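Everything quoted here is computed from the prediction, not taken from an experiment. All chains are named by letter (A, B, ...) in the order of the sequence lines, taking the proteins before the strands, and each is independently numbered beginning at 1.
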Amino acid sequence: MHTYRAYGLTIRSEIDLPEVPAAAAAEADVEILFGPVPHTLGRVNLAYGTWQANNTEALFEAAGTGRFLISGGRRILVNPCPDADADCVRILLMGAVLAGLLRQRGFLTLHASAVRANGGAVLFAGASGAGKSTLLAGLIARGFAMLADDVTAIGSASGQTPYAQPAFPTIRLWEDSMSALGKDAEAHRAVRPDLRKFHVPVDDFRDDALPVAHICFLDTHNRPGTVISGLAPTEGLRRLVEVMFRRRTAMGQGRQAADFRIASDLARRVPMCTIVRPVTPFRLEPFLDRVADALAEPARADV
Amino acid sequence: MAIVWLASYPKSGNTWLRALLTAYLTPSPDTPELDALVGAPIASIRHQFDERIGLTSADMTAGEIDLYRPAFVRALAAEAAETLFVKTHDGFRANRAGEAIFPSDATRAAVYLVRNPLDVAVSFAHHESRPVGDVIERMARDDFGLGMRPERIEPLLPQRLGSWSGHVASWLDQDQVRVQVLRYEDMIADPATAFRDVLRLSGLSDAPAAVRNAVDRARFERLQARERISGFAERQPTAASFFRSGRVGDWRRVLSPAEHEAIVDRHGAVMERLGYLTHESP
């Protein structure tokens, strides 16, 4: 049995999670155990694709890897397939499954990376491949502290700006991003077999929750040059909804109203912008410099 | 509702057909908005897959993604209120569980657009700003695909194309989904007839006035002008424009005898089948 800390939670886990910081054995907020998981939940609000969910439980099944039962924001049961690859189980566990648990605990989960800047948390949101992790790694190299890689959990604090919950100090990077950043893929652990994606540990990690200071949506275009523009709150809210992580599952978990309230709160209180970069020609280092410089300034409508 | 696939190897007229459909289906008198064309390749968009299946495709191999594609396509079809046009460059194939990635129960039909590979090579070379020799070599490869490099990620899901001939054969020789072949050269020669066939296949009215109007609004020169004014997201950044020439038979001016021979050697059987090897054919 191992004890870890991630997303502000003490996690007791029967599965070892090499990328997550160990914690002193203490009263656990969350348990991750091996155990039998049924094929269906008794009562569901929503079933689609690989998910079934109701307000207190969610069941996730990835063919060939395993089934996971997430209950009450406190427990994850893992039922791996007999010949499942352990790293494939871990990716799902630390990604979509843990996000499902965070939602049961009241967090809004966004497809975003986050750094500490501008007096709080600055989020970089976008779909897979938009460059959230590469940007995060580049900002860390320029002295910003990491809060989260792929999924950022947002909690609400009544009457105050919603806050970003720190995740754990690892970034997952594709091999070509690593080359562009001057990192050696061979020196890192692969995320799973058959994909050239690697775990990159981070020293400069911030373990306390921070109010969200700015949200940037990453996009690409086929024109030259990077354009950073402010977003009006209504457009920002629309974009936030688009980057909600597993929004359909969240709906099945009864989170729709609460998630929308947190998102509306963010849209009202937090400045938002889009960062649109060329796919090619694209030079990473000048782009990272540009974003880092923008962060050092106080938040403005157009940068 | 069911899907009508707009299937083709790249540079074979898919975008033009989408512009025709857009002009037909939207009441505006203007040339269609290029970045909002009907027939978006939603079955290839990673974000769509992730949200409907509930998995992170960025953490999956191409083979694993294929296992879920039939369910993904069924989900797209189920959500559509009316016939859904979807562009694809994928070859027709089954996943490793033996299921077609384009399931017949979610499909009404497919329009398979095809163009003389001699002209495809020229067009593809311009689009990608590559030497024609490179493109000819790619079109010959059975393992060619888009977004399949293992060391990076693209916004679209991996698309397995295969060779040009393999791509054509994969769609024409399967018996699961009804396919209507549409030659680019026939669209150029008589766009109204070609478009009427597509409308009938899709269960849409082929009233002559509506067809004429769509053909007029989506004329090549108008699409070219529209691109000059507002740009087009599908233009590769290194290409001067997406709507470049649209002509039939450009290959005669561009390809060397050796290049011509390389293409005919590799793809001659399918070219013959499609009528591209007769003396008078474009």
Asker: List the atom of I153(B), the atom of G129(A), and the distance in Å for their closest heavy-atom pair.
Answerer: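 That would be CG2-CA, 3.6 Å.
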Asker: Taking only residues two or more places apart in sequence, or in another chain, which ones meet F217(A) in a ring pair (Phe, Tyr, Trp, His ring centres under 6.0 Å)?
Answerer: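 Residues passing ring pair (Phe, Tyr, Trp, His ring centres under 6.0 Å) with F217(A): none at all.
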Asker: Excluding sequence neighbours, so at least two apart, what forms ring pair (Phe, Tyr, Trp, His ring centres under 6.0 Å) with F260(A)?
Answerer: none
Asker: Heavy-atom distances under 4.5 Å only: say whether A58(B) touches chain A with side chain, backbone, both or neither.
Answerer: both
Asker: Please enumerate all residues that pass ring pair (Phe, Tyr, Trp, His ring centres under 6.0 Å) together with F287(A), with sequence neighbours excluded.
Answerer: F282(A)
Asker: Is L92(A) close to chain B through its backbone or its side chain, or both, or neither, when contacts mean heavy atoms under 4.5 Å?
Answerer: side chain
Asker: Give me a line-by-line list of donor-acceptor atom pairs from chain A to chain B that are under 3.5 Å apart, or tell me none exist.
Answerer:
from    : atom 1 : to      : atom 2 : distance (Å)
T50(A)  : N      : I53(B)  : O      : 2.9
T50(A)  : OG1    : I53(B)  : O      : 2.6
T50(A)  : OG1    : G54(B)  : O      : 3.4
W51(A)  : NE1    : G54(B)  : O      : 3.0
A63(A)  : N      : Y68(B)  : OH     : 2.8
R172(A) : NH2    : D59(B)  : OD1    : 3.2
R172(A) : NH2    : D59(B)  : OD2    : 3.4
E175(A) : N      : E151(B) : O      : 3.4
D176(A) : N      : E151(B) : O      : 3.0
D176(A) : OD2    : R152(B) : NH1    : 2.8
R192(A) : NH1    : D59(B)  : O      : 3.0
R192(A) : NH1    : E64(B)  : OE1    : 2.7
R192(A) : NH1    : E64(B)  : OE2    : 3.4
R192(A) : NH2    : E64(B)  : OE2    : 2.9
K197(A) : NZ     : A58(B)  : O      : 3.0
K197(A) : NZ     : D59(B)  : OD1    : 2.6
N222(A) : O      : R235(B) : NH2    : 3.1
N222(A) : ND2    : F232(B) : O      : 2.8
N222(A) : ND2    : A233(B) : O      : 3.4
N222(A) : ND2    : R235(B) : O      : 2.9
R246(A) : NE     : G54(B)  : O      : 3.1
R246(A) : NH2    : L55(B)  : O      : 3.1
R246(A) : NH2    : T56(B)  : OG1    : 2.9
R247(A) : N      : E51(B)  : OE1    : 3.3
R248(A) : NH2    : E79(B)  : OE2    : 3.3

Asker: Please look at A63(A) and chain B and tell me whether the side chain, the backbone, both or neither of the residue comes under 4.5 angstrom of a heavy atom of that chain.
Answerer: both
